[in-house]
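Below, each value reflects all heavy atoms present in this structure, side chains not excepted, and no hydrogens, waters or symmetry copies.
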Amino acid sequence: MRVFLGMVAKRPGANLDQPAALARSVLDDVFPVPAETIDAAEWTGQDAVLLAWSNEGGAAARPPLIARGKRGGLGLSGTLPASSDVRCLAEAPASALIDVMAELSGCFSAIRVAEGELQAATASTRALSVFYAENDDLHVVGTRALHVHLIANRGKVAWDEPALQTMIRQGYFLSDETPYQGVTALGPSCLITIRDGRRSITGHPLPVARPAPASGRAKRKAIGELGDALVAAVEPLRTLPEPVNLALTGGRDSRLMAALLHASRIPFRATTNGLDDHPDVVIARAVAARLRIGHTVIPPARTEAMDAVLVPHPIVRTHEVLRACEGMTSAYESIVDYRPYSTTPTMSGQSGEILRGGFLYSQGQTTDKAMRRRVGDFFLKNASLFTDEANEHARGLAEPWLRRVDDNPWEVLDHLYVTYRVGRWHAAARVGSLRRGDPIQPFLDNRVVVEALSLDQRWRHSEEVVYELIGRLAPGLQKIEVEGKPWRFRAEAPPPGRWWRRPPAASPTQVAQKRGGAWNWRTSPGPRLSALLGEFVLERADALAGLVRGDELRVMFAETIVKQPALAWNLYTVAAMLTGVFPGKPPTIADPVRIEIPDVR
């Protein structure tokens, strides 16, 4: 993982030594790794500074922490296929940097500094975040929002409370806001330039989808182009000395990754987390057997009697998530815990919904009315819980997207997913895994995303694109049953011909559904965890009073088992922020919480 912070003075000759010293002194709060693992680099000019840190331990395959060139210094987060791409970014003219970014493969962002000038740019998903702020003396740009905030706010934390209403509703941000006053996330495919004390932001809009292919030949061509982009995205894995570790589930997206590695002749093994009879584990075994690869199952921690799971105390879990994700992901999410940085290559199917229409993948009814209601619900979910002020803030964020719904609701649900679900939630949550290494994530590859968003949303929503990609890359793999619902284009297809002429239905791979196999403690928290969540939130109701109504809070936690566990965790996370749990030292509570597994026989 890399952390960058750039500063440029608003007036020539200003002294940047003090803010630079502050940036170094708060590193423990903003870089969630042990201090002894951190290396540093700096580029210092008269009116601009770029500070950089990493826990990569000098990994040989990684570009320099600060690449120095004719234009100054360049800091790169994420991965690029070739070292020549780093030189392209370092040497590109200031006016062309955003165009150069748009043409490159990889999942990355960049910060570039020269005398009196600072630039930063994101790729199409902004999965590697960039944040910016300013005060009377300087502009600040960096990859950690709290870091940017502490420098701009001279070491003090000031929460942007109205912005936190989205964190409670959704568990992440449906805007470019952050938890910190004055700090904003740079949008997807955007370039921020600070020169002569002034800031400007330019960008490329997300692609407009082409009409669906009208012939089989046109379909094959479009799928082939997307497949070529996917193959190019894993090109850096060909030269690595050890197999890729793929997190494999029973779903569509990690299966496509398995097919991609198989077709690219890249050695890999698979790992699945879950109870032995969980559908993810059962289906992943079938996929691994078909591809003849090694497969490891990692069960959750359980009691000796195997009748319960043990999970960290909510305050311990929340502090860790806040420290890693900076208050931009709820503690409901299970982020990857810290381990020393490793060059072992890893992959997963996360964010594969991009190839299935973004938020359209979970859209049941596809009428214009239903999709408009879905967009409104994103922003105003659980409106009765919130104060009038919080709901008004949410309506302001929803308004530009609701305007677009009238023109093209399919595009709105597609673009909302990339802009916020990937660009805010995934970007924050993946910090956990970035501490361990730099995974290759083809679904977040700049060129893959552009190719995918250029395909008709209805066609991607049908899931035919992913199905055909899997079949092209690993023939037969697409026929193994998927976890959850069947392939949409097959389930919704009209029956072929008259009933007596229809071929018999294919017999799918059977998936074990043993009692308790699909149980999940996060969605079924039980009475003990529900009580811990409710007690904490209700004790801090005053801190939440500007966002939620106290009477509604009491109703929500009145039941023995909370009915909306994700919402309860979101409230717990925001309450912890507003009452000083973070930043600061981790809590000392060590005892885990026991949660009974229901109906164990």
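Judged by distance alone, with hydrogens and angles left aside, the side-chain atoms of Ser254 form a donor-acceptor pair with the main-chain N or O of Thr249 at under 3.5 Å. Remark: side-chain polar atoms of Ser25 are paired, donor with acceptor, to backbone N or O of Leu22 under 3.5 angstrom. Checking side-chain atoms of Ser351 against main-chain N and O of Phe443 turns up no donor-acceptor pair under 3.5 Å. Looking at Arg488, its side chain does come within 3.5 Å of a backbone N or O of Tyr361 through a donor-acceptor pair. No side-chain donor-acceptor contact under 3.5 Å links Thr125 to the backbone of Gly423. A distance-only check finds a donor-acceptor pair linking the side chain of His149 to the backbone of Ala158 [under 3.5 Å]. Proximity of a side-chain donor or acceptor of Thr143 to a complementary backbone N or O of Phe4 within less than 3.5 Å is detected. Not a single donor-acceptor pair under 3.5 Å links the side chain of Arg269 to the backbone N or O of Ile293. Counting only distance, with no hydrogens or angles, the side chain of Arg255 and the backbone of Ile480 share a donor-acceptor pair below 3.5 Å. The main-chain N or O of Ala331 is found under 3.5 Å from a side-chain atom of Thr573 such that the two form a donor-acceptor pair.
Residues Ala543 and Thr579 approach most closely at CB-CG2, 3.7 Å, considering heavy atoms. Heavy-atom minimum distance, Asp29 versus Gly584: OD1-N, 4.0 Å. The minimum heavy-atom distance between Val431 and Met1, with the atom names listed, is CG1-CE, 3.7 Å. Of all heavy-atom pairs between Gly546 and Thr387, the closest is O-OG1, 3.1 Å. Heavy atoms only, all atoms of each residue included: Leu230 and Pro442 are closest at CD2-CB, 3.9 Å. The two residues Ile38 and Val33 come nearest to each other via the heavy atoms CG1-CG2, 3.7 Å.
Between Arg2 and Asp39 there is no salt bridge, since none of the side-chain N atoms of the basic residue sits less than 4.0 Å from a carboxylate O of the acidic one.
Here the options are Gln478, Glu463, Glu483, the test is side-chain hydrogen bond (donor to acceptor under 3.5 Å, both in side chains), and the partner is Arg252; only Glu463 passes. Checked against Phe268 for a side-chain contact (heavy atoms from CB on, under 4.5 Å), the options Leu248, Leu260, Leu291 give a single hit: Leu291.
Sorted by first then second residue, the ring pair (Phe, Tyr, Trp, His ring centres under 6.0 Å) pairs that include residues 528-548, not counting sequence neighbours, are Phe536-Tyr572. Among residue pairs with one or both ends in residues 329-338, those qualifying as salt bridge (Lys or Arg N to Asp or Glu O under 4.0 Å) are Glu333-Arg522, Asp337-Arg436; sequence neighbours excluded. Residue pairs meeting the salt bridge (Lys or Arg N to Asp or Glu O under 4.0 Å) criterion with at least one partner in residues 317-329, sequence neighbours excluded, are Asp28-Arg323, Arg144-Glu326, Glu320-Arg435. Among pairs with a residue in residues 541-552, those fulfilling side chain to side chain donor-acceptor pair (under 3.5 Å) read Asp388-Arg549, at least two apart in sequence or across chains.
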List the steps and the verdict of salt bridge (Lys or Arg N to Asp or Glu O under 4.0 Å) for Arg126 and Asp176.
CA-CA 11 Å; Arg126 62 169 169 180; Asp176 295 337; 2.9 Å; yes

What do the steps show when you test Asp276 against Arg285 for salt bridge (Lys or Arg N to Asp or Glu O under 4.0 Å), and what is the final call?
CA-CA 10 Å; Asp276 196 57; Arg285 279 201 184 104; 2.5 Å; yes

Go through it in stages, so that I can follow the logic: the residues are Asn273 and His278, the test is side-chain contact (heavy atoms from CB on, under 4.5 Å), and I'd like the CA-CA distance, side-chain angles, deciding distance and then a yes or no.
CA-CA 9 Å; Asn273 290 277; His278 192 285; over 6 Å; no

Report the C-alpha separation of Leu261 and Met347 in whole Å, then their side-chain angles, then the decisive distance to 0.1 Å, and conclude whether the side-chain contact (heavy atoms from CB on, under 4.5 Å) test is met.
CA-CA 10 Å; Leu261 291 169; Met347 284 175 57; 3.7 Å; yes

Under the side-chain contact (heavy atoms from CB on, under 4.5 Å) criterion, do Ile266 and Val234 qualify, and how do the steps go?
CA-CA 9 Å; Ile266 295 172; Val234 298; 3.8 Å; yes

Could you go step by step and tell me if Leu571 and Val548 meet the side-chain contact (heavy atoms from CB on, under 4.5 Å) rule?
CA-CA 9 Å; Leu571 285 160; Val548 296; 4.2 Å; yes

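In this structure, the side chains of Val309 and Val311 come closer than 4.5 Å at one or more pairs of heavy atoms. A heavy-atom distance below 4.5 Å is not found between the side chains of Asp414 and His461. Between Met577 and Pro179 there is a side-chain heavy-atom pair separated by less than 4.5 Å. A 4.5 Å side-chain heavy-atom check between Thr343 and Glu56 finds every atom pair outside the cut-off. The side-chain heavy atoms of Asp253 and Arg356, taken from C-beta on, include a pair separated by under 4.5 Å. In this structure, the side chains of Phe379 and Arg395 stay at 4.5 Å or more apart for every pair of heavy atoms. Two residues are said to be in side-chain contact when any heavy atoms from C-beta on lie closer than 4.5 Å; Trp159 and Val157 meet this criterion. Tyr420 is listed as a side-chain neighbour of Trp401, based on a closest heavy-atom distance under 4.5 Å.
With sequence neighbours excluded, no residue forms a side chain to side chain donor-acceptor pair (under 3.5 Å) with Asn55. Residues satisfying the ring pair (Phe, Tyr, Trp, His ring centres under 6.0 Å) test with His319, not counting sequence neighbours, are none.
Trp425 carries Arg421 over the face of its six-membered ring, with the cationic atom under 6.0 Å from the centre and within 45° of the normal.
Interatomic distance, CG of Leu164 versus CZ of Phe173, reported as 5.0 Å (0.5 Å rounding). Here CG of Asp445 is found 8.0 Å from SG of Cys107. Values are rounded to the nearest 0.5 Å. Atom-to-atom distance recorded for Arg424:CZ and Met167:CE is 10.0 Å, nearest 0.5 angstrom. The SG atom of Cys325 sits 12.5 Å away from atom CG of Leu146, with the distance rounded to the nearest 0.5 Å. For the atom pair CD1 of Ile595 and CH2 of Trp521, the computed distance is 5.5 Å after rounding to the nearest 0.5 Å. The structure places CD of Gln165 at 11.5 Å from CG of Asn382, a figure rounded to the nearest 0.5 Å.
Between Tyr180 and Phe131, the distance separating the two ring centers is not shorter than 6.0 angstrom. For His147 and Trp53, the ring centers sit closer than 6.0 Å to each other.
Under the 3.5 Å distance criterion, with hydrogens and angles disregarded, no donor-acceptor pair is assigned to the side chains of Asn245 and Thr346.
The local environment of CZ in Arg528 is sparse, with at most 12 non-hydrogen atoms from other residues, nucleotides or ligands closer than 6.0 Å.
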